[in-house]
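Down below is the structure, laid out as structure tokens.
If you're wondering where the values come from, they're calculated on a predicted model, not measured in any experiment.
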Amino acid sequence: MDGLPVMRGAASYWVLRAVAATVLLGAAAACSSGTAGGTASPASTTASATPIPTGPVTAEISQFRDNYSKQIIEIQLTNTTGHALTVLGAELTSPLFAAPIIWSARTGGIELPPGQPKSLPAPLPAPDCGSPAGPAAGPGATSGAAGDAQVSLRLATPEGAVPVPAMAPATDPFGVLARNNSELCLAREASAVATIALDPELEVAADGQTAVVRLLLQPRAAGGGGELVIDRIEETTLLAEASQAPWPRSVTVRAGGAPAQVRLGIRPSRCDPHAVAEDKVGTLLPLQVRVAGREGIVKIDAGSQLRARIYDFVTKACGRQ
């Protein structure tokens with residue numbers, strides 16, 4: 001995928017030559033690009049009197065579906081030069097997060113071939129929540145704080161030149177940063193009222209066509225107060241509501257209250273051959289909640305034990321149809 005083009009010019013050319021102290025970096029300044037990597041801040045390698053030049057790299061933010069529950073995003077970088085580059089360090093900064101988002105580089109960095117995008121997984125730090133905001137930005141969101149994301153890089157050319165610092169604006173066409181910020185802040189507020197989890201046990205009906213999962217609600221001590229409302233529980237790509245056991249709505253949880261269980265009757269939402277084999281988010285139960293002036297989706301992960309039992313249940317239930 002293409003990101004925003006990075007500015008190039010004579011000024012960047014001569015800055016990079018000075019940093020690298022070699023004629024080889026004249027080509028690198030006009031041509032080099034890279035991907036994210038490194039555990040240290042690339043900006044720290046820049047001379048104090050020399051601004052970090054913008055290099056020929058495009059950056060875009062995305063997120064794989066199987067990383068939704070892990071709070072891991074992808075920093076996708078594209079080398080726009082005619083030769084390979086090695087990325088020795090990178091970090092993404094955004095006002096939506098309290099610390100830089102860093103991809104941990106392996107020894108020697110990672111090679112970025114010309115014209116070939118590479119996606120590098122980077123765990124998200126704590127969000128900067130501030131005051132409650134509206135719904136998370138969706139696909140195509142490019143304005144506001146999400147549009148201020150920048151990737152700082154340290155690049156090297158195949159010729160073995162001194163690593164060169166560079167920067168690239170990071171586009172976020174799917175609103176990944178805004179969505180994750182909204183979800184993480186909402187989850188933080190919800191967890192201040194109660195711990196919400198799924199029981200690892202699964203009750204399968206005698207006919208094997210339906211089952212029951214239990215949503216466990218454990219309110220916090222009353223000291224902080226607070227109230228959480230679960231407006232509704234949504235179906236997933238793998239699980240649907242069993243008609244004989246409708247899912248409850250408008251469940252209120254108050255800090256200091258008694259623990260509670262919500263029984264959810266489930267059935268397979270699909271029985272094609274790829275339902276389980278290709279599942280990524282089917283065992284993340286979405287709760288539409290309101291808490292502390294925020295509202296949105298909190299996703300409850302089934303965990304490894306319940307996930308395996310759900311997969312087994314769906315496989316067998318579909319086999320009986």
Side-chain angles (χ1 to χ4, degrees), residues 2-61 73-125 147-172 177:
D2 294 329
L4 287 178
V6 179
M7 296 178 62
R8 286 174 280 179
S12 294
Y13 175 93
W14 290 109
V15 168
L16 292 184
R17 282 180 65 96
V19 172
T22 172
V23 295
L24 291 176
L25 287 187
C31 304
S32 62
S33 77
T35 55
T39 56
S41 169
S44 65
T45 64
T46 309
S48 58
T50 305
I52 298 177
T54 298
V57 177
T58 61
E60 186 174 290
I61 300 163
I73 65 166
E74 306 296 322
I75 303 174
Q76 185 181 83
L77 302 179
T78 301
N79 176 359
T80 63
T81 77
H83 57 79
L85 296 164
T86 298
V87 182
L88 302 175
E91 64 180 37
L92 171 69
T93 57
S94 165
L96 294 174
F97 291 89
I101 302 166
I102 299 173
W103 172 69
S104 298
R106 60 197 183 203
T107 302
I110 187 170
E111 184 179 277
L112 186 67
Q116 253 184 52
K118 280 197 175 180
S119 295
L120 306 176
L124 291 171
D148 297 329
Q150 293 279 334
V151 178
S152 299
L153 306 168
R154 285 190 300 120
L155 308 175
T157 63
E159 292 83 357
V162 175
V164 178
M167 294 189 72
T171 62
D172 191 0
L177 295 180

### Query
If you look at every heavy atom in Gly108 and Leu88, which pair is closest and at what distance?
O-CD2, 3.9 Å
### Summary
Sorted by chain and residue number, the side-chain hydrogen bond (donor to acceptor under 3.5 Å, both in side chains) partners of Thr93 (sequence neighbours excluded) come out as none
### Query
In Å and rounded to the nearest 0.5 Å, what is the CD1 to CG distance from Ile73 to Leu177?
5.0 Å
#### Entry: Gap between atom CG of Leu120 and atom CD of Glu74 - 0.5 Å precision
7.5 Å
### Query
Quick one: does Lys118's side chain have a donor or acceptor within less than 3.5 Å of a partner on Asn79's backbone?
no
### Task
Could you tell me the separation between the OG1 atom of Thr171 and the CD atom of Glu60, rounded to the nearest 0.5 Å?
4.0 Å
### Task
Could you pull out the closest heavy-atom pair between Trp103 and Ala122, with the gap in Å?
N-CB, 4.1 Å
### Task
With rounding to the nearest 0.5 Å, note down the distance linking CG in Leu77 to CG in Leu112.
7.0 Å
### Message
Using side-chain heavy atoms (C-beta onward) and a distance below 4.5 Å, is His83 in contact with Pro114?
### Response
no
### Query
What is the minimum heavy-atom distance between Ala59 and Val151, and which atoms define it?
CB-CG2, 4.0 Å
### Message
Ignoring hydrogens, what is the shortest heavy-atom contact between Ala149 and Ser94? Give both atom names and the distance.
### Response
CB-CB, 4.4 Å
